[in-house]
Amino acid sequence: MTSSPPQFDRLLSQILAELGEFHVLLAPGGSDPEGDVRVVGPAGADFRLEVKEYKRITPATAESACLMLNRQGQASGSQPVLFASVVSDRTSEIATKYGVSWMDYAGNCRLVFPAYGIYVRRSGIENPFGKQLPRVLNVFSSKSSRVVRAMLQEPLRGWQLNELAAHPDVRVSPGLMSRIKRSLIEGGYAVMQEGHIRLKRPDELLGDWVNHYRNHKPREYSFYMRGELEQVEQQIALWCSKSTDRFALSRFSAAWRLAPEVRYNVASFMVPTRAILAEPFIDLVSNFGARKVDSGANLVLQISDDESYLSNRLGETLLTTSPLQTYLDLRVMDGRGEEAAMAIYEKYFKDPFTEATEQTAEHYEGN
């Protein structure tokens with residue numbers, strides 16, 4: 001059985017005791033910390049806290065909670081503090097963004113009061129209260145990320161859940177769609193407005209997807225082929241077309257065509273798994289002169305196990321992976337990949353992402 005939640009003043013006193021002789025005082029006659037906590041410490045430190053306690057808070061609710069705390073703190077001249085059973089990494093980031101300190105029931109915290117020389121960051125303390133929270137679906141897993149992909153492709157669009165689930169690049173069950181919706185909303189990535197799910201923070205959603213994608217990117221094989229890059233690309237396109245029509249230029253090969261900012265010296269293709277089965281692979285080596293190498297490659301084949309990676313291809317003669325897929329692949333590369341990715345972002349995502357964020361801003365700022 002989980003013990004009763006700790007009292008805010010006692011927990012804060014224990015934490016501040018590591019810094020000196022601090023006293024945490026509640027308002028006279030009050031047991032609830034919300035709104036009026038006084039901290040008295042050494043060297044004349046004497047200030048008040050604006051505290052709001054939540055039994056459960058998610059990134060979705062943290063946005064409006066921290067905005068409100070920040071405003072209340074400014075109005076009263078107090079230091080805003082969020083006190084909750086569990087504070088996730090994303091909730092912590094939101095609190096930091098709004099200048100709000102936080103503390104959870106286990107004593108993990110980020111307390112920043114610069115005017116009084118106080119900065120405390122504690123993490124890794126086991127929190128039994130966290131076990132009470134329901135498990136949240138990972139929206140970047142194989143099937144769930146199809147929903148993320150479709151929404152980021154059209155960041156200004158509002159979706160009915162059934163149409164999003166039935167989208168040809170998504171195709172998930174209504175039950176899974178419902179769970180994905182809940183995770184997107186609780187993660188602070190989306191909101192429901194008039195029966196439609198809309199992106200709230202597309203930049204953060206894409207950034208978190210990049211972090212997940214680093215460990216789940218497609219397999220790849222490196223080759224060397226004689227000839228100039230354009231010849232290599234033409235030859236590989238011919239080879240691919242013999243076994244599948246689902247292939248595309250990828251990474252720098254795609255970026256140079258989508259937003260020609262960075263030159264490249266390695267051709268890249270995204271191909272489905274069936275393209276590298278025994279017969280096609282033998283054909284690639286025997287008839288097209290590709291030689292598998294560990295270094296000095298001028299050709300990379302990325303192997304996609306998910307057809308959605310090859311959705312929304314662009315181009316005429318040689319198709320490229322979509323700007324979204326190209327961005328993901330470039331961001332997880334070493335070297336100049338990030339530079340090329342930012343050229344894609346500036347051209348295809350910056351303006352619509354900004355507009356999508358502004359469109360939903362009123363939803364949470366008004367709460």
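- Look at Arg56 and Glu186 and you find a salt bridge, because one of the NZ, NE, NH1 or NH2 atoms lies within 4.0 Å of a carboxylate O, short of that distance.
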Test log, rule side chain to side chain contact (heavy atoms under 4.5 Å, CB included), inputs Asp9 and Val37
CA-CA 8 Å; Asp9 57 327; Val37 176; 5.6 Å; no

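- One side chain, Ser141 or Ser144, offers a donor N or O that lies under 3.5 Å from an acceptor on the other.
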Hey, mind stepping through Phe113 and Phe47 against ring-ring contact (aromatic ring centres under 6.0 Å, His included) and telling me if it holds?
CA-CA 10 Å; Phe113 312 130; Phe47 56 96; 5.3 Å; yes

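- Under a 4.0 Å N-O distance rule, the pair Glu307/Arg146 does not qualify as a salt bridge.
- Listed for the Asn127 side chain is a donor-acceptor partner under 3.5 Å among the backbone atoms of Ser85.
- The environment of Lys347 atom NZ is dense: over 12 non-hydrogen atoms of other residues, nucleotides or ligands sit within 6.0 angstrom.
- The aromatic rings of Tyr213 and Tyr309 sit tilted, their planes meeting at an angle between 30° and 60°.
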Apply side-chain hydrogen bond (donor to acceptor under 3.5 Å, both in side chains) to the pair Ser308 and Ser311, showing each step before the final yes or no.
CA-CA 5 Å; Ser308 67; Ser311 64; 5.6 Å; no

Worked check of side chain to side chain contact (heavy atoms under 4.5 Å, CB included) between Glu220 and Ile303:
CA-CA 6 Å; Glu220 60 184 58; Ile303 314 305; over 6 Å; no

Go through the steps for Leu152 and Tyr327 under the test side chain to side chain contact (heavy atoms under 4.5 Å, CB included), then give the verdict.
CA-CA 12 Å; Leu152 287 173; Tyr327 176 86; over 6 Å; no

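- One N or O on the side chain of Ser88 and one on the backbone of Thr91 form a donor-acceptor pair closer than 3.5 Å.
- Formation of a donor-acceptor pair under 3.5 Å by the Ser178 side chain with backbone atoms of Pro174 is not found in this model.
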Verify side chain to side chain contact (heavy atoms under 4.5 Å, CB included) between Val147 and Leu164, making sure each step is shown before the conclusion.
CA-CA 7 Å; Val147 172; Leu164 185 52; 3.7 Å; yes

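- Contact check on Lys97 versus Glu63 returns a salt bridge, with a Lys/Arg side-chain nitrogen under 4.0 Å from an Asp/Glu carboxylate oxygen.
- Relative ring orientation between Phe269 and Phe247 is described as tilted, the plane-to-plane angle lying within the 30° to 60° band.
- By the neighbour-count criterion of 12 heavy atoms within 6.0 Å, atom CZ of Arg263 is sparsely surrounded, having that number or fewer from other residues, nucleotides or ligands.
- Both Leu330 and Val332 belong to a single network of hydrophobic side chains, linked directly or stepwise wherever heavy atoms of I, L, V, M, F, W or Y lie under 4.5 Å apart.
- The OG atom of Ser13 sits 10.5 Å away from atom CD of Gln7, with the distance rounded to the nearest 0.5 Å.
- Using a 4.0 Å cut-off between charged side-chain N and carboxylate O, Arg257 and Glu233 make a salt bridge.
- Clustering ILVMFWY residues whenever any of their side-chain heavy atoms sit less than 4.5 angstrom apart, transitively, puts Val300 in a cluster other than the one holding Trp256.
- Just one of Arg331, Arg214, Arg201, Arg90 meets the salt bridge (Lys or Arg N to Asp or Glu O under 4.0 Å) condition when paired with Asp208; it is Arg90.
- Side-chain N/O atoms of Gln231 and Arg226 include no donor and acceptor closer than 3.5 Å.
- Without hydrogens or angle criteria, Asn298 side chain to Met225 main chain gives a donor-acceptor distance under 3.5 Å.
- Counting heavy atoms of neighbouring residues, nucleotides and ligands inside a 6.0 Å radius, atom CZ of Arg219 exceeds 12 of them.
- When only modelled atom types and interatomic distance are considered, Ser123 and Asn108 share no side-chain donor-acceptor pair under 3.5 Å.
- Within a 6.0 Å sphere centred on CD of Glu338, heavy atoms belonging to other residues, nucleotides or ligands number 12 at most.
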As a quick check of understanding, evaluate side-chain hydrogen bond (donor to acceptor under 3.5 Å, both in side chains) for Ser92 and Arg110, giving each step before the final call.
CA-CA 8 Å; Ser92 172; Arg110 183 181 184 276; 5.9 Å; no

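- Contact check on Asp283 versus Lys242 returns a salt bridge, with a Lys/Arg side-chain nitrogen under 4.0 Å from an Asp/Glu carboxylate oxygen.
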Could you go through the side-chain hydrogen bond (donor to acceptor under 3.5 Å, both in side chains) check for Ser250 and Asp329 one step at a time?
CA-CA 8 Å; Ser250 63; Asp329 287 323; 5.3 Å; no

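- Counting non-hydrogen atoms of neighbouring residues, nucleotides and ligands closer than 6.0 angstrom, the CG atom of Asp46 exceeds 12 such neighbours.
- For Lys350 and Tyr348, the positive end is not near the middle of the six-membered ring at less than 6.0 Å and at most 45° from its axis.
- Glu339 contributes no side-chain N or O that, together with a main-chain N or O of Arg336, makes up a donor-acceptor pair within less than 3.5 Å.
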